[in-house]
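Encoded as structure tokens, the structure appears first; notes follow it.
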Amino acid sequence: MGKRYKIVFEKKACIGAAACAAVAPEYWEMQEDGKAHLIGSSTDEDGREILVIDEEHLGEKLKAALDENVEAAQVCPVQVIHVYDEESGKKLV
Ligand code: SF4
């Protein structure tokens, strides 16, 4: 099994600043309700959007995908985007 990273988006706390969509448009888009949407994600019972990106599906593109989402998390003014290394459980951002 290759590397896997989990992106967790606390959508309820999103203030719609759109910084995520500006730096990572392949993964983040703005919705009509003014909040961001993590493209391809599923929603958990707490309304958080979750997406796993992995080496199995993305191959060499995983590093770029990880970098994009880490950057999205870093530019979010209210820090509602988090990225975890699934292997170690470590929170990257
Ligand atoms: S940058 Fe943060 S607050 Fe702004 S739209 Fe994206 S997730 Fe929401």
Side-chain angles (χ1 to χ4, degrees):
M1 198 174 78
K3 299 285 292 174
R4 289 166 61 88
Y5 299 97
K6 183 163 79 177
I7 305 158
V8 177
F9 172 39
E10 298 170 66
K11 188 168 189 146
K12 285 182 191 163
C14 170
I15 60 166
C20 53
V23 299
E26 279 186 53
Y27 285 92
W28 296 88
E29 64 185 7
M30 300 309 296
Q31 292 184 312
E32 279 180 17
D33 64 2
K35 291 187 184 276
H37 169 61
L38 174 54
I39 298 166
S41 65
S42 51
T43 303
D44 74 6
E45 64 273 16
D46 295 320
R48 298 182 306 175
E49 292 188 347
I50 315 279
L51 178 70
V52 172
I53 53 173
D54 62 24
E55 205 166 7
E56 189 186 339
H57 293 96
L58 291 171
E60 289 176 4
K61 291 187 189 150
L62 177 63
K63 173 79 169 75
L66 174 64
D67 288 350
E68 264 188 57
N69 283 292
V70 166
E71 192 180 357
Q74 287 170 339
V75 297
C76 174
V78 287
Q79 298 174 339
V80 293
I81 300 171
H82 311 287
V83 182
Y84 297 87
D85 182 328
E86 282 265 274
E87 204 174 18
S88 65
K90 196 175 154 215
K91 188 177 179 189
L92 303 179
V93 63

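Side chains are part of it too, since the values below use all heavy atoms of this structure and drop only hydrogens, waters and symmetry mates.
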If I take atom CD from residue E86 and atom CD1 from residue I53, how far apart are they, to the nearest 0.5 angstrom?
10.5 Å
When you group the ILVMFWY residues by side-chain heavy-atom contacts below 4.5 Å and let the links chain together, are M30 and V75 in the same group?
no
Hey, is the main chain of L38 close enough, under 3.5 Å, to the side chain of E49 for a donor-acceptor pair?
yes
Is there a path of hydrophobic side-chain contacts, each under 4.5 Å between heavy atoms of I/L/V/M/F/W/Y residues, joining V80 to L51?
yes
Interatomic distance, F9 atom CZ to D44 atom CG [nearest 0.5 angstrom]
12.0 Å
Please indicate whether Q79 has more than 12 foreign heavy atoms, meaning atoms of other residues, nucleotides or ligands, lying under 6.0 Å from its CD.
no
Non-hydrogen side-chain atoms of I81 and Y27 separated by less than 4.5 Å:
no
Apart from Y84 itself, what residues make up its hydrophobic cluster when side-chain heavy atoms of I, L, V, M, F, W and Y under 4.5 Å apart count as a link, directly or indirectly?
V8, I50
Is there a path from L58 to V83 through hydrophobic residues (I, L, V, M, F, W, Y) whose side chains come within less than 4.5 Å of each other?
yes
Heavy-atom closest contact (A36 atom, C14 atom, distance)
N-SG, 3.5 Å
What pairs of residues pass the salt bridge (Lys or Arg N to Asp or Glu O under 4.0 Å) test when at least one of them lies in residues 66-79, not counting sequence neighbours?
K63-D67
Transitively linked via ILVMFWY side-chain contacts under 4.5 Å: W28 with V93?
yes
Determine which pairs satisfy salt bridge (Lys or Arg N to Asp or Glu O under 4.0 Å) with at least one residue from residues 21-42, sequence neighbours left out, and list them in order.
none
I need the R4 CZ to D85 CG distance, nearest 0.5 Å.
11.0 Å
I'd like to check Y5 versus N69 (side-chain heavy atoms, cut-off strictly below 4.5 Å). Are they in contact?
no
Residue list, side-chain hydrogen bond (donor to acceptor under 3.5 Å, both in side chains) with E10, at least two apart or on another chain:
H82
Please report the closest heavy-atom contact between I15 and P77, naming both atoms and the distance.
CD1-CG, 4.2 Å
From L66 atom CG to E55 atom CD, the distance as rounded to the nearest 0.5 Å:
11.5 Å
Closest heavy-atom pair, V78 versus A13, reported as atoms and distance to 0.1 Å, is CG2-O, 3.8 Å
Non-neighbouring partners of E87 that pass side-chain hydrogen bond (donor to acceptor under 3.5 Å, both in side chains), sequence neighbours left out:
K3
Results of side-chain hydrogen bond (donor to acceptor under 3.5 Å, both in side chains) for Q31 - residues two or more places apart only
K11
